[in-house]
Amino acid sequence: MTPPDPLTLPLYHSAPRSWQTRWASFENPSAGKGTAATTNRGAKGSAWCCIHPGESKTLLDVEGSGLITRIWATLFDLTFEGKPASMLRALRIDMFWDGATTPAVSAPIGDFFGASLARALPFANQFFSSPEGRSFNCFVPMPFRRSARITVTNEGPHCLKHFFYDVNLLMGVEHPAEALYFHTHWRRESPNVLGEPFTLLPRVSGRGRFLGTHFGVNLDPIYDGSWWGEGEFKAWLDGDERHPTLCGTGEEDYIGTGYCQGLFSHPTQGCTLADGGARQFGMYRFHTVDPVYFHTDFRAVLDTIGGCQAAWVHQKRTAGVPLDPISLSWDGQNPLGPGKSWLWRLKEDGEPDLGDPALAERWCNFYRCDDWSGAAYFYLDAPENGLPALRPVEERIMNLKLGPASLTSANA
């Protein structure tokens with residue numbers, strides 16, 4: 001008999017006796033029964049803890065089968081007394097399932113919780129939220145069969161004096177064979193290679209499901225005045241080689257809007273950061289109602305393509321700006337001949353003189369280079385994923401542009 005699913009059990013049903021509700025926090029780090037609130041005679045003696053440079057704190061360490069249902073955290077003094085917002089990139093969160101030696105989840109804490117580009121802003125989606133831009137919530141179900149361990153490590157130079165958290169879970173939940181392990185992989189390319197996509201998730205092997213992503217981009221000011229979001233989401237799965245099986249139409253299209261984007265926060269798609277002045281954008285997309293399954297392997301990328309009028313593209317390229325034109329929109333009579341598409345595919349049809357005044361106002365898409373980063377979330381049939389380790393903190397925080405809307409003590 002298949003065990004019941006605690007996430008679909010009706011609210012008014014009792015649970016199997018083996019299911020035990022537990023919360024791990026600094027008030028009860030073992031998540032044990034009857035072991036909470038033991039300091040200061042029970043009067044809020046251990047609500048928070050400091051994390052010194054180079055120090056790791058264990059947030060959860062339990063044995064047995066179970067299911068994590070929620071993780072909450074806040075960093076009160078993120079900028080208090082001069083602490084930089086880069087702390088969101090310097091703090092690393094790792095999660096280990098079933099005694100694995102390498103983490104299934106390894107990411108900067110801000111990016112993991114959806115604070116793209118180290119800027120924490122209010123948002124809410126199906127799996128993550130920051131209700132007022134000063135806390136982090138995660139509601140992704142995370143099953144484990146033998147053990148679960150979560151750690152946070154301060155890899156920055158500053159002491160974090162106030163870290164609050166709790167991990168909510170059910171112990172004693174038995175999982176069927178088809179239950180998968182939760183994973184997260186974070187990457188940054190600063191900048192991406194011209195003409196190459198930003199690899200959101202390198203190839204993983206096994207059976208699983210791509211859950212979605214939070215991703216962001218710092219735009220290079222050298223492209224000022226042009227649009228950046230023409231790149232397509234692409235995914236190779238189950239033996240795909242040269243060409244992918246899945247392909248979208250543009251970054252703003254992938255997150256469910258179109259023709260540029262502003263702030264919005266919907267359950268499975270949204271834009272949490274749209275700061276044209278700082279040239280920063282943060283977005284998310286989750287594949288729940290449109291599941292993305294794979295059975296042998298999977299990898300996903302985001303093309304790095306922008307667009308502007310042909311005269312602008314010609315001027316910038318002549319000035320030495322790194323860009324590579326790929327297509328030219330057309331209307332009226334197509335010079336390539338009757339029946340030709342209104343899209344001039346420059347990589348197939350050849351490139352005209354983009355300095356021709358007759359082409360000046362035509363829309364031209366082109367490869368460009370910017371600072372891309374993203375956290376990819378997925379489930380896999382193994383507790384380890386074989387992906388590269390999280391990059392050193394120096395690479396995570398280098399050239400980090402910090403806007404005024406980051407999580408600050410003034411808001412806490």
Side-chain angles (χ1 to χ4, degrees), residues 85 88-89 107-108 110-140 184 186-189 192 197-198 200-201 210-221 223-234 248-290 292 300-307 368 370-377 400-407 411:
L88 287 176
R89 282 273 172 90
D111 294 83
F112 173 79
F113 282 103
S116 298
L117 311 181
R119 293 182 64 176
L121 298 165
F123 78 96
N125 61 40
Q126 186 171 359
F127 295 117
F128 296 88
S129 70
S130 183
E132 298 179 84
R134 55 178 180 258
S135 65
F136 301 122
N137 295 272
C138 172
F139 301 96
V140 179
T184 302
W186 182 86
R187 297 189 76 256
R188 182 185 186 190
E189 294 179 12
N192 61 276
F198 165 58
L200 187 61
L201 179 62
F210 179 64
L211 186 61
T213 174
H214 282 111
F215 64 101
V217 59
N218 284 306
L219 304 177
D220 191 323
Y223 301 103
D224 194 26
S226 66
W227 170 238
W228 56 271
E230 291 292 334
E232 299 170 333
F233 171 86
K234 294 173 179 167
T249 61
E251 269 95 12
E252 83 273 44
D253 308 330
Y254 179 57
I255 63 170
T257 184
Y259 298 101
C260 302
Q261 65 199 60
L263 294 173
F264 68 100
S265 187
H266 292 181
T268 62
Q269 55 199 25
C271 178
T272 58
L273 171 61
D275 189 338
R279 302 182 183 90
Q280 294 184 306
F281 291 84
M283 299 141 281
Y284 63 86
R285 174 79 153 84
F286 291 103
H287 298 276
T288 50
V289 295
D290 62 329
V292 177
V301 306
L302 292 165
D303 280 335
T304 53
I305 299 174
R368 54 182 284 167
D370 294 289
D371 175 6
W372 290 88
S373 58
Y377 311 99
L400 191 61
K401 297 190 299 184
L402 303 175
S406 296
L407 183 68
N411 291 329

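Computation of the quantities below employed the complete heavy-atom set of this structure, encompassing side-chain atoms and omitting hydrogens, waters and symmetry-equivalent molecules.
Between the side chains of Q280 and N218, at least one donor N or O lies within less than 3.5 Å of an accepting N or O. Counting only N and O atoms by type, the side chains of Q126 and T288 include a donor and acceptor under 3.5 Å apart. Side-chain contact of S265 with Y284: a donor-acceptor pair under 3.5 Å is present, judged by distance alone.
Note: W227 CH2 to C260 SG = 4.5 Å, rounded to the nearest 0.5 Å. Atom CG of L117 sits about 7.5 Å away from atom CG of D371, to the nearest 0.5 Å. We find the OG1-CG distance between T304 and N192 to be 4.0 Å, quoted to the nearest 0.5 Å. For the atom pair R187 CZ and T213 OG1, the distance stands at 12.0 Å (nearest 0.5 Å).
Among F198, Y223, F281, the single residue meeting the ring-ring contact (aromatic ring centres under 6.0 Å, His included) criterion with W228 is F281.
For the pair R119 and A278, the tightest heavy-atom approach, listed with the atom from each and the gap, is NH1-CB, 4.0 Å. Scanning both residues, A274 and L263, for their nearest heavy atoms gives N-CD2, 3.5 Å. Taking both residues in full, the closest heavy atoms of A120 and A115 are given as CA-CB, 3.9 Å, listed atom of the first, atom of the second, then distance. Minimum interatomic distance between N125 and P267 (heavy atoms only, all atoms of both residues): CB-O, 3.3 Å.
Using modelled atom types, no side-chain atom of D303 and backbone atom of I305 make a donor-acceptor pair closer than 3.5 Å. Distance alone, capped at 3.5 Å, is enough to place a donor-acceptor pair between the E251 side chain and the G231 backbone. Side chain of S130 to main chain of S135: a donor-acceptor pair is present (N/O by atom type, distance under 3.5 Å, no hydrogens or angles). With hydrogens and angles disregarded, no donor-acceptor distance shorter than 3.5 Å links the side chain of S226 to the backbone of G307.
Aromatic ring centres of Y377 and F128 lie closer together than 6.0 Å. Residues F286 and H214 bring their aromatic ring centres within 6.0 Å.
The pair D224-R279 meets the salt-bridge criterion, since a charged nitrogen lies less than 4.0 angstrom from a carboxylate oxygen. We find that D220 and R368 are not joined by a salt bridge, their nearest charged nitrogen and carboxylate oxygen being 4.0 Å or further apart. Salt bridge present: R285 and D290 bring a charged side-chain N and a carboxylate O closer than 4.0 Å.
Using cut-offs of 30° and 60° on the angle between ring planes, the pair F233 and Y254 is parallel.
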